[in-house]
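Note sheet for the following structure.
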Amino acid sequence: NAVAPDDDIHYAIEGLITLEKHGIDFTCEQAIETIHYHTPHGVLWSAGLNMVRKYELGVPVPLTAIFGNNSRQSLGSQIRCDPYGWASPANPALAARMAYRDAICSQTRNGIYSGMFFAVAMADAIAHGDPIRAIDTAQTYVPPRSRFAEMITFVREACHEHGDWEEVNKAIYERYDRGYFAPATAPMNHGLINAAIVTMAILKGEADFSKTLGISVMAGRDTDCNGATAGSIMGCALGANKIPPHWTAPLNDTIRTDLLGMPTLKISDLAQRTLQVAKGNCRYASSSKCASRLTCQYKA
């Protein structure tokens, strides 16, 4: 048993490689080059595939996010943002900067804000373990007059009004499936509706890993991406030791990938590598006390 090859997993690994090779000041081009070098075109999708193709043709960033890209406001950066949050414990500003630099390679507007929002949530959740508080922090890192900020406020108010997550989900679909796209429905992978679903799952999940993931997937839309993002935030908040073993044991500490030269990787090794990157990026990185609190909890 192992994690099967998947584009979301590929991006997480490649984000880590970018940070290991180039550090927190990586350029947009270096982030794209990492993906371009390691990933076959056949396992790239949507905005990510367009980004790599335009890069190969010599189109400069941020035009790689515009030309030929009908998914420019998709969740393309949401599914690439995780390593920037993991590598910035208690340092949401750094997470936001890195996520922005990556996101503009393939996204515009709400697509960019989605990546920043979730990277900040992950960085903040590591600091204190409260996923709802992490949403509070993440909301302050998106433009306050953007549709994305309005969506977060709407979801929070809906969660307060409705006890049942399915009622919240109904309200989300009524507003964001047709509200901005009438008479057509929103694209399946649009950043607004999918980010709304993940936010709802966190707010209605009661800090329970299984319940949160269940909501994020049952709510529909881009279910594998949303489940991955919700699970990432909850993992940052709870730590590996508090994730129910029925989620981790079947994975056998193994990831299989389609990436060049990496057919099989160990989850525990990737966790240790991420820890080494993260140790230098605490908000108070100069303090040995901050670095000493970071430990790798994942064990095979």
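Since this is a predicted model, take the numbers as computed values, not measurements.
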Open item on the list: Check this for me: does any side-chain nitrogen of one of Arg156 and Asp136 sit under 4.0 Å from a carboxylate oxygen of the other?
Closed with: yes
Task: Gln107 side chain to Ser71 side chain, donor-acceptor N/O pair below 3.5 angstrom - done: no
TODO: Measure across Val120 and Ala96 and return the closest heavy-atom pair with its distance rounded to 0.1 Å.
DONE: CG2-CB, 3.7 Å
Task: Connected-component partners of Tyr37 among ILVMFWY, side-chain separation under 4.5 Å - done: Leu260
Open item on the list: Is the shortest side-chain heavy-atom distance between Thr39 and Val52 below 4.5 Å?
Closed with: no
Open item on the list: I need the full list of side chain to side chain donor-acceptor pair (under 3.5 Å) pairs touching residues 61-70, with sequence neighbours left out, sorted by first then second residue.
Closed with: none
- [ ] Can you label the angle between the Tyr84 ring and the Phe26 ring as parallel, tilted or perpendicular, going by 30° and 60°?
- [x] parallel
TODO: Any pair with a residue in residues 89-116 that passes salt bridge (Lys or Arg N to Asp or Glu O under 4.0 Å), sequence neighbours left out, goes on the list, sorted by first then second residue, please.
DONE: Arg80-Asp102
TODO: Report, as yes or no, whether the 6.0 Å neighbourhood of atom CG on Asp164 holds more than 12 heavy atoms from other residues, nucleotides or ligands.
DONE: yes
Open item on the list: What I want to check is whether the side chains of Asp253 and Ser268 have a donor and an acceptor closer together than 3.5 Å.
Closed with: yes
Task: Smallest separation among heavy atoms of Ala103 and Ser77, with atom names - done: CB-CB, 3.5 Å
Open item on the list: For Phe148 and Phe117, I'd like to know if the aromatic rings sit close, meaning centre-to-centre distance below 6.0 Å.
Closed with: yes
Task: Donor-acceptor side-chain pairing of Ser106 and Asn50 below 3.5 angstrom - done: no
